[in-house]
**Q** 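This is the structure I have questions about; it appears just below.
In what follows, every chain begins at residue 1, and chains take the letters A, B, ... in the order their sequences are listed.
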Amino acid sequence: MHAPVKIELQPLGTAAAVARGTQLQDVLHRFGVEFPCGGRGDCGGCRVRVLAGSLPITEDQRELFSEQELADGWRLACRHAVEDRLVLEVAQWETTVLVDHGELKFAARPGTAIVVDLGTTTIVAQLLDLQTGQVLALESSRNPQAVHGADLMHRIEYGLSKTGRVELVETVRSEVGAQIQRMLASVSNTDLAIERVLLAGNTAMHHFFCDLDLEPLAHAPFESEQAGFQEIDPADLGWALPGDPRVQFLPSLGGFVGSDILAGILATEMHRSEGIIALADLGTNGELAIGNRDRIVCASTAAGPAFEAGQIQMGMQATTGAIAGVEVAAGELRCRVLGGGEPRGICGSGLVDAVACGLETGLIKSNGRLSRGSISLAGRVEITQQDVRQLQLAKGAVAAGIRILLGRLGAEASTVERFYLAGAFGNYVNPTSARRIGLIDFAAERIEPIGNASLLGTKLALFNEALEGDHFEALRNSVEQIPLGVDEDFQAYFIQETSFPNL
Amino acid sequence: MSDDPREKLKSCLLNLDKNGLLQAVQAVVAEANPEAAQDAVDALAEGLQIVGRRFQEGEWFLGELVYTGELAKEAMGQLSPLLKSSGAESKGTVVIGTVAGDLHDLGKNIFGNYAASAGFEIVDLGVGVAVEDFARAAREHQPVALGMSCLLTVCAGSVGKVIEELSRQGLREALKVIIGGAALTEEFAKDVGADAFAPDAVTGTDIIRAWSCE
Ligand code: B12
Ligand code: FES
């Protein structure tokens, strides 16, 4: 018999009873902990510290942890099963919910509808009153597919097998379904009829949700013929919703550039603007769109996870304990820690700040070389040479991508009217530091965080009858995707841009 | 500073001084002496070893790696006619390419440059190279080594397929296989039966150079 054992997760203080022998990965995943490499024991992203109880050290962990860390109780959650009562400290923390904070222009009509931003990491949904434009309920949760890797490529690989695909499709559909049920349960009005559910997300999420063939997304040229507007029968989704809504997924722009960017274009009104507008969503894929009402070009730069502090030695998400800002005061580095307590790691915005300060103080040379072994920031948090190298690759890819897109438009950085930064990183990053490291070469006053541009744009699409089906295709067709992989100049620009500006 | 052109070659390479390097090369070429040319090539190789060390130790990054690779390749281009005229043999041909489905080519190009400056003839098949095309090139060019690059985990399977195809066509024994790129590891190389994995282009060049001396 497998008697249940108690497991407690700090510092959130969550507790659960689980069957003896259950994989720790399965338990933690239910509580929103991510497994960046899909639980292969490669990345160290699933670190936990044993506060009470024990987890025997496995050989492969000796490579990732020092003797001291092992002695302190650090382990990889993905390498263990639960055998006895445990109290663990989870190195990861839940991300703050990011919702749009833009204003909404709309034509009022009776009814309710739902919009969903189906992100690789986070899924955000809103229940909307179409008469008032009011948000009746909001849900945000981790994308449960992350158990098969934080990286989309790992998930696509998993989804190439029949069972893998079924699992990934089911997981994401049922999570969105559950979010909708929770939103409905939270409102007092019990006879709501939902008219429409409208989703946006990158091309891979689009294909998972719509259960389309993943094979075209697994190799060059990464173009799927099914990336357009999709409508799905709610019955096929296993959803029983009041009002029998139409469930629709907005079309991708091409390659990995998804409807999240298409929605972002709507949100920034780039397609109506006379002046040139730029939009960047700097997650792992580093998606960009630049243009105006005459022409819009977009690209995916494959920056890697450095802006989200992935593959950074002491990297963590932007939550309690993360160094989110660094400045130089009287020749010393001063850090701002989220939640104000003991610093436990560094998030993307903190990393950009720290490197900008390092460049200012001469601790980092313009080729990225540290003047000594590592830079200590606060407490035991430090950044290493390797961390700076990761940031150089990520920022090099984005900066090179921006140069290529501007070149295609025949525009210069100085002629871009507004530069919108979407997503969590864009929200927190200090524009002056982003400029100092050469990520974006725009005056700080022209840089503006836009929050969840995908969700905002999806709402605009929902309220705007003119953007139904065909019309959407027209907008989509007017946006040109530039494949950077075959661009002649990309490589030279990328190499140049891996260096920091020499001021 | 020494006036020895070989020392000058090395220091110009390591100081990223293109003009100085090309002048030094010109001086050697003007001597029209194959032995002097061979010394110069050795000096470049020594310089590249130091570049490799600086890269591995984190002192230098991609910018310097690519630039020194290009400088060395250019210098080699001017020196090699002299070596050939003396009948010194080339180290042999190396066929390189990025595997099917993957278009990342930076790492492969850097490796190609380094191998070229170490005296190998490079046949670059480009990116997204199909299994059959690797095999055909192995038959046509009779290389001493075949280098494959792969950065996308979903495409890693192609590496093993190429090696199987080489064996199937009886081409595997005649050459060595070296692989590199972010999606691959030492362990992976063992699993698919490659002869070596290289974490970077300079190590890769050292490995094939060691093979050619065997
Ligand atoms: C630049 C880049 C691109 C460029 C490529 C330009 C080009 N012409 O090569 C662009 C923007 C086009 C691109 C596109 C894509 N990319 Co990309 N890209 C990168 C990035 C930022 C850097 C890679 C790089 O060039 N590094 C520098 C080179 C020099 O390093 P290297 O290749 O490892 O080479 C060194 C060694 O490995 C070795 N080496 C390499 N090959 C060989 C071969 C031999 C024989 C030897 C001896 C040695 C050797 O020598 C080199 C020097 O020492 C990485 C992220 C990162 N932070 O690393 C992602 C990354 C590789 N890309 C990724 C992805 C997913 C893509 C896309 C599929 C999706 C997308 N988001 O757009 C597309 C599709 C590309 C395609 N069609 O194939 C992922 C792969 C994830 C995975 N698990 O598979 C990464 C890791 C980013 C991420 N985490 O999402 N990308
Ligand atoms: S080490 Fe990557 S998930 Fe555990």
**Q** Can you tell which part of Gln385(A) gets under 4.5 Å to a heavy atom of chain B, answering side chain, backbone, both or neither?
**A**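 The side chain, not the backbone.
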**Q** Apply the test side chain to side chain contact (heavy atoms under 4.5 Å, CB included) to residues Leu393(A) and Leu62(B): give CA-CA distance (whole Å), side-chain angles for both, the deciding distance (0.1 Å), then the verdict.
**A** CA-CA 9 Å; Leu393(A) 290 176; Leu62(B) 283 180; 3.7 Å; yes
**Q** Determine the minimum heavy-atom distance between Cys155(B) and Ala218(A), stating which atoms define it.
**A**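 Smallest heavy-atom distance, with atoms named: SG-O, 3.9 Å.
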**Q** How long is the gap from CD on Gln392(A) to CZ on Phe61(B), to the nearest 0.5 Å?
**A**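 Between atom CD of Gln392(A) and atom CZ of Phe61(B) there are 5.0 Å.
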**Q** Do you know the tightest heavy-atom contact between Glu57(B) and Arg369(A)?
**A**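 Looks like O-NH1, 3.3 Å.
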**Q** What is the minimum heavy-atom distance between Asn367(A) and Glu59(B), and which atoms define it?
**A**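 Heavy atoms only, the tightest pair is ND2-O, 3.6 Å.
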**Q** How many angstroms lie between CG in Leu152(B) and NE2 in His219(A), if you round to the nearest 0.5 Å?
**A**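 These two atoms lie 11.5 Å from each other.
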**Q** What part of Asp105(B) lies closer than 4.5 angstrom to a heavy atom of chain A: side chain, backbone, both or neither?
**A**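 Both backbone and side chain.
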**Q** In sequence, state the C-alpha distance, the side-chain angles, and the governing distance for Ile495(A) and Leu106(B), and then conclude on side chain to side chain contact (heavy atoms under 4.5 Å, CB included).
**A** CA-CA 9 Å; Ile495(A) 296 293; Leu106(B) 223 87; 3.6 Å; yes
**Q** Write down the atom of Asp102(B), the atom of Ala220(A), and the distance for their closest heavy-atom approach.
**A**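 Where Asp102(B) meets Ala220(A) most closely, the heavy atoms are N-CB, 4.5 Å.
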**Q** Given a strict heavy-atom distance threshold of 4.5 Å, which part of Phe494(A) is in contact with chain B: side chain, backbone, both, or neither?
**A**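 The answer is the side chain of Phe494(A).
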**Q** Below 4.5 Å from any heavy atom of chain B, which atoms of Val486(A) appear? Answer side chain, backbone, both or neither.
**A**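 Val486(A) touches chain B through side-chain heavy atoms alone.
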